[in-house]
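Worksheet: the structure to be examined is printed underneath.
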Amino acid sequence: MPFIPHTPDDVAGMLAAIGAGSIDALFDEIPAALAVAGLPAIGPGLSEPEVSRLMLERAELDGRPLCFIGAGAYEHHIPAAVWQIATRGEFYSAYTPYQAEASQGTLQLIYEYQSMMASLTGLAFSNASMYDGATAFAEACLMAVRANSRSRSRRVLTTRALSPAYRAVARALLAGQGIELVELPLENGCSSLAALAPLAGTDFAALAIQQPGFLGSPEAVDELTDWAHTQGMLVIGVCNPLLLALLAPPGEWGTAGADIACGEGQPLGIPLSSGGPYFGFLTCRKALVRQMPGRIVGRTVDVDGRPGFTLTLQAREQHIRRSRATSNICTNQGLMVTAATIFMTLLGAEGLRRVAAQCHANTRALVTALTRLPGISLAFDTFCHEAVLRFDRPVAPLLEALAAGGILGGYDLADEYPDLGHALLVCATEMRSAADIDRYAQALGGILQGTTAGRGRRSRS
Amino acid sequence: MPFIPHTPDDVAGMLAAIGAGSIDALFDEIPAALAVAGLPAIGPGLSEPEVSRLMLERAELDGRPLCFIGAGAYEHHIPAAVWQIATRGEFYSAYTPYQAEASQGTLQLIYEYQSMMASLTGLAFSNASMYDGATAFAEACLMAVRANSRSRSRRVLTTRALSPAYRAVARALLAGQGIELVELPLENGCSSLAALAPLAGTDFAALAIQQPGFLGSPEAVDELTDWAHTQGMLVIGVCNPLLLALLAPPGEWGTAGADIACGEGQPLGIPLSSGGPYFGFLTCRKALVRQMPGRIVGRTVDVDGRPGFTLTLQAREQHIRRSRATSNICTNQGLMVTAATIFMTLLGAEGLRRVAAQCHANTRALVTALTRLPGISLAFDTFCHEAVLRFDRPVAPLLEALAAGGILGGYDLADEYPDLGHALLVCATEMRSAADIDRYAQALGGILQGTTAGRGRRSRS
Amino acid sequence: MSGEPLIFEHSRPGRRAPSHAPGACADPVGLPAGLLRTTPPLLPEVTELQAVRHYTRLSQLNFSIDTHFYPLGSCTMKYNPRAANSLAMLPGFLARHPLAPAGNGQGVLACLYELQEMLKAVTGMQGVSLTPMAGAQGEFAGVAMIRAYHAERGDLARRVIIVPDAAHGTNPATATMCGFEVREVPTDPQGDIDLEALRQAVGPDVAGIMLTNPSTLGVFERRITEVAAIVHAAGGLLYYDGANLNAILGRALPATMGFDVVHINLHKTFSTPHGGGGPGAGIVAVGERLEPYLPVPIVGERAGRFVWLTGQDRPRSIGRLSAFMGNTGILLRAYVYMRMLGAEGMRRVSGYAALNANYLMAKLGQAGFEVAYPQRRASHEFIVSLKGIARDTGVTAMDFAKALLDRGFHAPTTYFPLLVPECLLIEPTETESREVLDAFVAALVAIRDQARSDAAAVKAAPLTTPVRRLDDVRAARDLDLAWRGHGMPANGA
Amino acid sequence: MSGEPLIFEHSRPGRRAPSHAPGACADPVGLPAGLLRTTPPLLPEVTELQAVRHYTRLSQLNFSIDTHFYPLGSCTMKYNPRAANSLAMLPGFLARHPLAPAGNGQGVLACLYELQEMLKAVTGMQGVSLTPMAGAQGEFAGVAMIRAYHAERGDLARRVIIVPDAAHGTNPATATMCGFEVREVPTDPQGDIDLEALRQAVGPDVAGIMLTNPSTLGVFERRITEVAAIVHAAGGLLYYDGANLNAILGRALPATMGFDVVHINLHKTFSTPHGGGGPGAGIVAVGERLEPYLPVPIVGERAGRFVWLTGQDRPRSIGRLSAFMGNTGILLRAYVYMRMLGAEGMRRVSGYAALNANYLMAKLGQAGFEVAYPQRRASHEFIVSLKGIARDTGVTAMDFAKALLDRGFHAPTTYFPLLVPECLLIEPTETESREVLDAFVAALVAIRDQARSDAAAVKAAPLTTPVRRLDDVRAARDLDLAWRGHGMPANGA
Ligand SMILES: Cc1ncc(COP(=O)(O)O)c(C=O)c1O
Ligand SMILES: Cc1ncc(COP(=O)(O)O)c(C=O)c1O
């Protein structure tokens, strides 16, 4: 009986104490018509050696291609200490810190996390995490709609330079409450400033912009923020937290700074892992904190006057406020926050800055190498750590050929941005070496010439 | 400065407190003629991402062949919990528990380990570990020579059925003290009982036997033990601790039981890892404990009468007894003992027994499959979890061809046991499936027929 | 501060001990200077040793399953197998980019596909989406599907979701997020839903009902078939909050009970870790009617290869709930656990969870504690009310909770469900031994004895934890949510 | 029992919660029944949760570098980088069988080969063998090589190894294991070896001398060149105990000092973990004269491939010291660490280790503590003698050690080296910050103050550890070294 400690004696003694004849008898309140005898569609249990072998085989099934995809999830080096500490049982197997006195480890760590995120984004307060960057964005929109007392609309102005996936998630999450997203068009890979004028005077609860934009180019965040504020909108900044070591934080955009910042925490020490678990971060100006969704930890004192940490402002949350809560979120992404906090501690401001700068330098090198090939050009001149390349032919077959040679060449923009022509979003993080970039360029050159790359898909350099 | 916390201010302040002008000045007692300015042959430091990439590449360089080698180190399933707990910082980064009050975790664990090893081997007392099975064997011989007051010889009788590596190590370690190993010849893969008679009356301090023998066959431990005892020798049993869940423990051999048991702890949750770190275990009869080398933990009470654990019988050890110590061992294999103790706890007696029985069953299946091939026969009928196969041609070229196909076919006995002809020691632990065994048989069949195995070397089934 | 300073207090300006980042790298070329950061963020400057020591020490301040009995009702804090952790974290799984083509993920997709199939089996449902990232998001997906269903039929008047008064807070909060109003129905004295009140509550404005069965009161809703008939007859759909599935695993199927949609907290029944707050995974399973609306992506199979089904394949889907594919790593852990249990192991889960809960309930009842529904079977959890003791001694459920910490037990859930005064919701789970349960009973008895002899002593608890009772009022009033630097006020910009 | 029962006390007969072993399997066929075990060994029967909880709790009872400052002199308890751990435990490394052909181990052999080369560089020696499994086995290898050297020359009268009185216990013990007699030489008042006594001690019966430099007194042996000349002139060889190499890394080379052979404790200078007792790695490096005798195996290179060199390739070798290849996993950790440091990082190790030691010595001297060699530079460690305080107050070095535990510091090494009364051998290492050192000074001052005002209070320490002072006499007298089952006497068979 894997995981079950009961001896036959235990079972007999316990049933006697209960006054029941068998374990099955404990289910006698289930109406007979509803009772099932088992789960025939589920096979027999596997021992740990058996399941280990199965998973090892599956983990190795697909090789380890060289990855040049970014588009919202990034391969960065994760210090070994991060997960060795985060998976310690005391962090890994605890619940939400409801009993503060028995959870000071988790609580203090979250307080430290909140401090780091507040400082990274240049805003006053952070919550303890959202599910991922996309849901954090949706909750930021909801928060803005609730908080902007000057606006009577249920509309948020956003832009096609903001991640298509984030916009899709926000649409799914906001639909029920009748909140609508309106999108600024693109101009040169960025939100069109020219498109602002016609919108002046229209009632929007908020403007949401992403820095850098999904296509890698920096947005004119100062102009956009100031314009939105003059229009009575709140400003939501969506950011890659790693790049915030290098780029101006939302709290410093324009004259007054953005009001809310959010984004995907994955770059801060979270493995790619096919898409999750990641975590969303969410920070805001002081005045908005009571509209914040999710858990928040505060520092206070105990009866002896010693400092300590506890969940606070719980009156916003579903377990107290129920149908009038700021959100339905309960379980968040605690363990990811644990890892991210250790990651930020190990890297420090200077370490984050270096990683960000190196990503930029590597992507620049990649762009240089690929645009030397015939029929490939850089779409938008200014970029941060990813860039759009324009091709003279459809990208999909090229990506397929690259993948067959063990290279993931980038993110094809054909579906989401057909107006960009044959366009590919590429990214070379600090993990890609000069040799990796060279290998990509060689392979693509070969494919373009009609020859195949001809290298084994598993080797890395 | 990786790993060094000092800020420039710290350095200045600390040098001022010392009254030194620079860090280099702190080395001014090193005569100028001896001082070197650096280590030109050593390259620049690598960042963690760089060294990680290097090691990942090296770890994956050689593929993962299917292994049918045993010969003293065995691939067993290691429950995930074992190393997740053993590498917790509190175990991983502690020193020898000199300060008992600050080391109760390690001390209690060793006490539990000693209890388990004592019970597994059927002897009274265990120490806290030796370096590996081979050095444990050598120390057992030394111990026996010191302890056997009836013997005036510095000779230990052993046998060719005992691991050649262990005998080699013992020779290296005993040479300085003029202790000699005499070897019983083989008969049918086991120690020759017929060879005993001529030795009767010869003075040996001890008889050392391995159960099962290196060639996989069980020794007549009862007869050997009783004979040795009648001759006034002590008896040293060398065992695979995993198999002790199935086989009679040394403490129960013959009428009185062996006096000392030792062996390689690797099968108890220690990864193969190219040969180490493993650990040696050593247990003995109560009367011999003061001749035991190495650390020993005892249970006692504190000043409040609470039970607690501490290093004990330290007067045997080098840091107290110096040149008259029972051994020079100081650092042992503590972390491996931590892992092994968790391993034995998770498996329990029944789990160990099942693993041992499954290894036997798999090796039997392997023998059946391979002896169906032409020119291959089983050398010795009775075997435990490895067996000797006899070939009609040299084994080395076959092993090479198998290795090219991703199969490690066994341990070639040509060097150590040329008298056995073309002989191969094979082992299929519980980790080898029926499909694995089939793959081996197919591949070998193909090679014998002059065709190559033709399977990719990385795939496992 | 529990004796351990903030990580910022270990920091010193100018400390530079990096080994994790590339060497110094110039600022990016080509980016407008105005977009660059001018003052670095306030992150600590410490060595790896300082970081490791700090977070190791912090970890030791926590209670957790790996260190303590943790009978937190509704949360199912049972053992999280270590194999699930290490197998989900195999380098091959961790390295895979979410946007890598499916051809590059057949290993992980095979696991997810089989997980979908197993989840259909344990619920009796016809379709599964793994994407919701926690129970509450699973609820969102379910209610959004109910909404989409009515909307597609043009049945736009259904603006109400019915929720029992004992429901978890996420249920009403979810209904609101989906744009519904909440209508509460009461519980009858036996702990079942009040059928008369339910009949009153349903009508043409009702989109559906959210229920958990066994309910948060720890008892099985015996007239569930009738409940389903009433709601379905009125044109509403039934949502099953699967937080309590542990109690009936392999014993009854939500589909047979009449539910149209269910979420399952994999971090409860299927024992993925809760990580001090998350991540979870709140997969949804649906019957035929709601199948078209499942959130994407879903894993499909085509010609022996696994593929992602997205909005293009499933145009009636309520859409995407995460940027990529939910909490994949958690899904893998649940997959490993389910494969290890197999059919028999799953039935054992509910069997032994019920055995432990009923035993604990019987023992506490015999020891004189007031059990909320003494005539009922406990499910995998049950409620003790300390109303009487609180009245007699002034010692409350909260005081008991704190006193338990001093005795080495995590407290049960307190003050939930809201309708039982001074309640403890106790869920021992199937992975705890009888010895632990007996020790827990002894601790509660000892605390009650102390409450009678020296109430103040109980109210002074905890004494042995890193901090004692915290000033929550001050925490909410003088908000200190972030460290701002040495000598800076707590509140900041 | 520190509050945590023995694992055996968590066990219950009949508990069967296996998930790690294959299903039930019949007893082997063909084995004589008489060879089979009749009563199962007394191993615990517990669930995985019980095991995990028990050993997690036990771990929390330890001090360790990851949780505490651990200034254990001679032991070099500095930070063990976590990357070294995870990289040495990559599945590809762990899975490799030691008897797999070298062609199947080019990755690991490349690391070991480069490690050999780096170790030559840091010692100045010509040959390296990685096989010794700890410092003491490195010593054995070294002295055995010296023995083989003399023996091969027919110089059989050399039966003595000289060892300074301050030497570590392993030095004389090793000499004995190698069949030598030990002759001690004294230390002069400045902490250097007494040259006059050495001249007396050498002679045709002397095989060699074992020294560590800096010595265990924490000072550099300034006249090492003279020492070498004296010993060499008498026909002896010089052995360097590299336990203190951390102090001179990149500053001086044992080869240049005149040593013929050196061992290095990789678990000290090269920061592999000590694991609560081991494993270590005690590699040996030798000059030309001893090169042929190095223990096997050694990693060689042939035509661009790495190979194992064994006894067949090296017939004059002293032989094999482990069944396979020593503590390979530890060697990989040291390799990672050395690659991360590089040349500059290695010099920083000795520089900052010396800075910390000299700073701490200066601060303690200024605070009025009696430093053993105040006129000397400290190496990476130094000695404080509490003789005066012990005389005045009765509070001993042992009492100070225990009182430090209560203040959250592991104690320094006490009562070693034996020749300084009431000594503390203090080694802060380079990875500790100035703040920690200052706090440590403050703690020692506070203990001394308490010793003067209330000696009994210091002698009562520790109070905050899981147990208080233990009865060592009883431990040695009423030997209880193993649990024998419920209700069984401790001593057993
Ligand atoms: C009954 C019930 N429903 C819903 C939830 C919400 O699940 P989650 O925390 O995963 O969002 C919980 C758990 O907290 C619960 O106990
Ligand atoms: C000076 C000195 N020599 C030798 C040794 C023995 O090394 P090991 O413990 O690795 O056997 C030590 C360490 O304990 C030591 O400090």
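Quick note: numbers below take in every heavy atom, side chains included, and nothing from hydrogens, waters or symmetry partners. All chains are named by letter (A, B, ...) in the order of the sequence lines, taking the proteins before the strands, and each is independently numbered beginning at 1. The shown structure was predicted, so the numbers you read here are calculated from the model rather than taken from an experiment.
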Legend entry - pair Val355(A)-Pro22(C): side-chain heavy atoms closer than 4.5 Å: yes
Inset, instruction - Please check if atom CD in Glu344(C) has more than 12 non-hydrogen atoms from other residues, nucleotides or ligands closer than 6.0 Å. - result: no
Inset, instruction - Give, as side chain, backbone, both or neither, the part of Gln106(C) having an atom under 4.5 angstrom from any heavy atom of chain A. - result: both
Inset, instruction - Rounded to the nearest 0.5 Å, what's the gap from CG on Leu470(C) to OG1 on Thr300(A)? Could you check? - result: 6.5 Å
Legend entry - Which portion of Pro44(C) sits near chain A, non-hydrogen atoms under 4.5 angstrom: both
Legend entry - Side chain / backbone / both / neither for Cys178(C) at chain A, heavy atoms under 4.5 Å: backbone
Legend entry - Sub-4.5 Å side-chain heavy-atom contact between Arg96(C) and Leu272(A): no
Legend entry - Met77(C) versus chain A, the contacting section by heavy-atom distance below 4.5 Å: side chain
Inset, instruction - Indicate the atoms forming the closest heavy-atom contact of Leu35(C) with Pro218(A), along with that distance. - result: CD1-CB, 3.3 Å
Legend entry - Most chain C-contacting option - heavy-atom pairs closer than 4.5 Å, from Pro44(A), Ala325(A), Ser52(A): Ser52(A)
Inset, instruction - Please report the closest heavy-atom contact between Ser274(A) and Met325(C), naming both atoms and the distance. - result: O-CB, 4.1 Å
Legend entry - Heavy-atom contact with chain A under 4.5 Å, split by part of Met346(C): side chain
Inset, instruction - Go through Ala35(A), Ala118(A), Gly276(A) and name the one with the most non-hydrogen pairs under 4.5 angstrom from chain C. - result: Gly276(A)
Legend entry - Reported CZ-to-CD1 distance for the pair Arg171(A) and Ile318(C), which is rounded to 0.5 angstrom: 14.0 Å
Legend entry - chain A contact via His410(C) - which portion, at a heavy-atom distance below 4.5 Å: side chain
Legend entry - chain C contact via Ile320(A) - side chain, backbone, both or neither, heavy atoms under 4.5 Å: neither
Inset, instruction - Could you tell me which non-hydrogen atom of Pro91(C) sits nearest to which non-hydrogen atom of Arg64(A), and how far apart they are? - result: CB-NH2, 3.3 Å
Inset, instruction - Tell me, for Arg222(C) versus chain A, whether the close heavy atoms (under 4.5 Å) come from the side chain, the backbone, both or neither. - result: both
Legend entry - Flag side-chain contact, heavy atom, 4.5 Å: Trp483(C) against Glu112(A): no
Inset, instruction - Report the option among His360(A), Arg322(A), Met55(A) that has the most heavy-atom pairs separated by less than 4.5 Å from atoms of chain C. - result: Arg322(A)
Inset, instruction - Considering only heavy atoms and a distance below 4.5 Å, find which of Val221(A), Asp222(A), Asp10(A), Leu408(A) pairs most often with chain C. - result: Asp10(A)
Legend entry - For the student: nearest non-hydrogen atoms of Ala172(A) and Leu321(C), plus distance: CB-CD2, 4.3 Å
Legend entry - Interchain contact, Glu45(C) with chain A, by part (heavy-atom threshold 4.5 Å): neither
Legend entry - Candidate pair Thr106(A) and Asn62(C), rule side chain to side chain donor-acceptor pair (under 3.5 Å), full reasoning: CA-CA 7 Å; Thr106(A) 290; Asn62(C) 274 359; 2.7 Å; yes
Inset, instruction - Answer whether the closest heavy-atom distance between the side chains of Leu247(A) and Leu31(C) falls below 4.5 Å. - result: yes
Legend entry - Atom group of Ala81(A) that falls short of 4.5 Å from chain C, counting heavy atoms: side chain
Inset, instruction - Over 60° means perpendicular and under 30° means parallel, so classify the ring planes of Tyr352(C) and His6(A), tilted if in between. - result: tilted
Legend entry - Leu72(C) versus chain A, the contacting section by heavy-atom distance below 4.5 Å: side chain
Legend entry - Candidate pair Asp24(A) and Arg251(C), rule salt bridge (charged side-chain N to carboxylate O under 4.0 Å, His left out), full reasoning: CA-CA 9 Å; Asp24(A) 284 349; Arg251(C) 311 270 165 185; 2.6 Å; yes
Inset, instruction - Can you tell which part of Tyr55(C) gets under 4.5 Å to a heavy atom of chain A, answering side chain, backbone, both or neither? - result: both
Inset, instruction - Using non-hydrogen atoms and a 4.5 Å limit, figure out which bit of His54(C) sits close to chain A: side chain, backbone, both or neither. - result: side chain
Inset, instruction - Show your working on side chain to side chain donor-acceptor pair (under 3.5 Å) between Asn85(C) and Tyr92(A) and close with a plain yes or no. - result: CA-CA 10 Å; Asn85(C) 181 42; Tyr92(A) 187 79; 3.3 Å; yes
Legend entry - Chi angles and distances behind the side chain to side chain donor-acceptor pair (under 3.5 Å) call for Thr310(A), Asp472(C): CA-CA 7 Å; Thr310(A) 186; Asp472(C) 287 327; 3.3 Å; yes
Inset, instruction - Heavy-atom distances under 4.5 Å only: say whether Ser322(C) touches chain A with side chain, backbone, both or neither. - result: both
Legend entry - Interatomic distance, Arg469(C) atom CZ to Asp304(A) atom CG [nearest 0.5 angstrom]: 12.0 Å
Legend entry - Proximal component of Leu26(A), with respect to chain C [non-hydrogen, under 4.5 Å]: both
Inset, instruction - Look at Ala248(A), Ala165(A), Ala134(A) and state which one has the largest set of heavy-atom pairs under 4.5 Å with chain C. - result: Ala248(A)
Legend entry - Val182(C) portion near chain A, given a 4.5 angstrom heavy-atom threshold: side chain
Inset, instruction - Against chain C, work out which of Ser129(A), Pro40(A), Ser115(A), Gly251(A) has the most heavy-atom pairs shorter than 4.5 Å and name it. - result: Ser115(A)
Inset, instruction - To the nearest 0.5 Å, tell me how far Phe324(C) CZ sits from Ser273(A) OG. - result: 12.0 Å
Legend entry - Backbone N/O of Ala173(C) and side chain of Asn328(A): donor-acceptor pair under 3.5 Å: no
Inset, instruction - Give, for atom CG of Leu479(C) and atom CZ of Phe125(A), the distance between the pair rounded to the nearest 0.5 Å. - result: 5.0 Å
Inset, instruction - Search all heavy atoms of Val467(C) against all heavy atoms of Gly308(A) and return the closest pair with its distance. - result: CG1-CA, 4.2 Å
Inset, instruction - Pick one of side chain, backbone, both or neither for Arg321(A), based on which atoms fall under 4.5 Å of a heavy atom in chain C. - result: neither
Inset, instruction - Search all heavy atoms of Cys330(A) against all heavy atoms of Thr170(C) and return the closest pair with its distance. - result: CB-CG2, 3.6 Å
Legend entry - Atom group of Glu117(C) that falls short of 4.5 Å from chain A, counting heavy atoms: neither
Inset, instruction - Determine the interplanar angle of the His20(C) and His77(A) rings, folded into 0 to 90°, and report it as parallel if under 30°, tilted if 30 to 60°, perpendicular if over 60°. - result: parallel
Legend entry - Full working for side-chain contact (heavy atoms from CB on, under 4.5 Å) between Arg348(C) and Phe3(A): CA-CA 10 Å; Arg348(C) 262 191 224 120; Phe3(A) 312 126; over 6 Å; no
